[in-house]
There are 2 protein chains.
Amino acid sequence: MRPIKQNGYHHGNLRRAVIDAALEAIAESGPAGWSLRELARRAGVSHAAPAHHFGDKTGLLTAVAAEGFGMFADALERAAGDALEVGVAYVRFAVGHRPYFEVMFRPELYRMDDPDLATARERAARVLVTSSGTLSPAPAQDRLTTIAAWSLVHGFAGLWLSGSLPEAAHEDPEALARSVIRLFSGMSSPG
Amino acid sequence: MRPIKQNGYHHGNLRRAVIDAALEAIAESGPAGWSLRELARRAGVSHAAPAHHFGDKTGLLTAVAAEGFGMFADALERAAGDALEVGVAYVRFAVGHRPYFEVMFRPELYRMDDPDLATARERAARVLVTSSGTLSPAPAQDRLTTIAAWSLVHGFAGLWLSGSLPEAAHEDPEALARSVIRLFSGMSSPG
DNA sequence: TCGCCATTTTGTCAATGTCAAGATAGGGTG
DNA sequence: CACCCTATCTTGACATTGACAAAATGGCGA
């Protein structure tokens with residue numbers, strides 16, 4: 001992030017600058033390998049400037065998670081109805097917005113009682129529940145099917161992000177995920 | 001962890017005491033929410049004592065991950081051959097040894113070049129590869145099937161541990177995982 | 001008895017998260 | 001235009017942390 005001022009005081013939207021700097025830092029060294037002061041330095045402000053906007057480190061991560069869940073819900077809703085495409089969108093978000101995703105599913109890092117965050121979270125969950133219905137063999141299995149489909153794509157994302165699929169390192173994660181979901185959903189074409 | 005000495009110097013197996021203290025701390029506040037000095041305090045030794053055994057914080061987490069992968073491989077091998085039971089064992093380990101599991105799949109926290117760790121990791125992977133064969137519809141799909149089965153159980157574990165399955169909060173995770181895996185593998189009985 | 005050496009302690013330093021108090025600017029009100 | 005008001009940012013401070021260096025301890029063999 002470029003400094004938002006050159007000299008003297010400046011009332012800019014530090015909020016955005018700090019969140020962007022945090023995303024960069026998380027991309028480099030994980031959700032816990034950075035410091036607030038370093039972010040402030042990157043944004044060109046004093047070490048305590050972020051505190052006014054986010055309160056503390058947990059507050060900043062709460063903002064990141066909330067924004068992430070919002071983007072996540074948007075992405076899933078764009079594919080809603082087509083179970084395969086929702087799954088692919090899930091993986092695409094995880095890989096394409098890794099810093100967000102890594103914070104979102106680490107609740108000990110942020111405050112779950114944030115209202116915006118909770119709303120976006122439920123919005124994303126609703127897409128998963130409604131879209132997995134077509135995969136269910138019988139209404140009695142709807143809930144299990146949702147959990148299975150969610151687990152499949154969430155696990156694929158987690159394994160990919162943690163580098164646990166080394167033989168797949170040079171493949172396109174989205175294409176591989178599509179093949180895996182197809183196999184799961186009993187479709188024929190193995191991509 | 002109880003202090004390992006009462007007064008004066010003591011040459012005990014501080015190594016074990018510190019690892020146990022770390023597991024406790026990780027269980028309480030996640031893989032990053034604790035401090036080396038706090039561990040030393042819990043073990044009843046001076047603040048720099050752990051450094052001799054582990055080098056630095058990353059070294060301690062490497063030891064935790066290596067030990068975890070060893071126990072993990074043992075657990076999977078005990079169920080080897082039966083794909084359903086391997087999957088259940090995977091989830092049981094994640095839930096029953098949460099601190100280990102949370103460190104193991106966060107490679108940015110430890111050193112992956114540790115030889116013991118790599119050996120145990122490959123041992124666990126081999127069980128997954130060989131045991132998922134029975135689920136594959138055709139030899140050409142073996143690799144996709146392994147990735148799918150692994151993703152399913154890994155994702156279930158991750159979602160459970162992150163509290164993302166709230167409606168399942170009071171169910172037995174092992175039984176629920178068994179049902180989900182059965183559904184995935186095309187078996188009939190929905191548990 | 002003596003010295004060796006793994007182990008642990010003590011002391012120190014820069015960096016970090018957080019709090020409190022002061023400085024700045026820009027807009028609204030008179 | 002002068003004034004103040006408030007959000008925003010800075011400065012200064014403090015306890016805690018991870019890491020390093022040097023000293024202390026004590027068991028064990030020569």
Side-chain angles (χ1 to χ4, degrees), chain A residues 1-26 28-65 103 106 108-111, chain B residues 1-26 28-65 103 106 108-111:
Chain A
M1 272 288 92
R2 223 67 70 256
I4 62 170
K5 67 167 175 52
Q6 269 68 33
N7 45 29
Y9 289 73
H10 179 106
H11 293 194
N13 67 339
L14 183 55
R15 192 182 164 84
R16 177 101 310 266
V18 169
I19 290 183
D20 288 343
L23 292 170
E24 267 188 44
I26 294 171
E28 288 171 17
S29 25
W34 50 277
S35 76
L36 270 177
R37 285 172 116 106
E38 168 69 18
L39 293 194
R41 244 170 275 138
R42 288 204 207 189
V45 293
S46 76
H47 63 91
H52 177 72
H53 296 271
F54 304 100
D56 55 5
K57 198 171 182 180
T58 301
L60 170 54
L61 286 168
T62 302
V64 169
V103 173
R106 220 154 291 178
E108 77 272 14
L109 294 179
Y110 58 86
R111 279 182 269 275
Chain B
M1 270 287 92
R2 224 69 70 257
I4 63 170
K5 67 167 177 52
Q6 270 69 33
N7 45 29
Y9 289 71
H10 179 107
H11 293 194
N13 67 341
L14 182 54
R15 193 181 165 84
R16 177 100 311 265
V18 169
I19 290 183
D20 288 343
L23 292 169
E24 268 188 43
I26 294 171
E28 288 172 16
S29 26
W34 50 276
S35 76
L36 273 176
R37 285 171 116 104
E38 169 67 19
L39 293 195
R41 244 169 273 139
R42 288 205 208 187
V45 293
S46 76
H47 61 92
H52 177 71
H53 296 272
F54 303 100
D56 55 5
K57 198 172 182 178
T58 301
L60 170 55
L61 286 169
T62 302
V64 169
V103 173
R106 218 154 294 177
E108 78 272 13
L109 294 179
Y110 58 86
R111 279 181 270 275

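So that the names make sense, note that chain A is the first sequence line, chain B the second, and so on, each numbered from 1.
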Rounded to whole angstrom units, what separation is found between the [atom1] atom of [X] and the [atom2] atom of [N]?
X	N	atom1	atom2	value
A:L61	C:dG17	CG	P	11 Å
A:D56	C:dA20	CG	P	13 Å
B:L14	C:dT9	CG	C1'	12 Å
B:E38	D:dT17	CD	P	7 Å
A:F54	C:dC19	CZ	C1'	18 Å
A:K57	D:dT17	NZ	P	14 Å
A:N13	C:dA25	CG	P	19 Å

For C:dT8 and B:H53 - does any side-chain N or O of the residue sit under 4.0 Å from the phosphate oxygens OP1/OP2?
yes
Hey, does the side chain of A:H52 come within less than 4.0 Å of D:dC9's phosphate (OP1/OP2), counting only N and O?
no
Identify all side-chain donor-acceptor contacts of residues 57-64 of chain B below 3.5 Å with residues at least two apart in sequence or on another chain.
unit_1 : atom_1 : unit_2 : atom_2 : d
B:K57  : NZ     : B:W34  : O      : 3.1
B:T62  : OG1    : B:T58  : O      : 2.7
B:T62  : OG1    : B:R111 : N      : 3.0

Closest non-hydrogen atom pair, [X] against [Y]:
X	Y	value
B:A40	B:S46	CB-O, 3.3 Å
B:S29	B:G33	OG-O, 3.2 Å
B:P50	B:L14	N-CD2, 4.4 Å

Proximal nucleotide (of D:dT10, D:dT11, C:dG11) relative to the A:H47 side chain:
D:dT11
Please determine, for the side chain of A:S46, which listed nucleotide (C:dG11, C:dT16, D:dT11) has the closest atom?
D:dT11
For B:E28, enumerate each residue passing the salt bridge (charged side-chain N to carboxylate O under 4.0 Å, His left out) test, keeping only those at least two apart in sequence or located in another chain.
B:R42
Under a 4.0 Å heavy-atom cutoff, the residues of residues 29-37 of chain B touching DNA chain C are B:R37
Would you check if A:L36 and A:H47 make a side-chain contact, meaning some heavy-atom pair closer than 4.5 Å?
no
Report yes if the side chains of A:P31 and B:E108 come closer than 4.5 Å at any heavy-atom pair, otherwise no.
yes
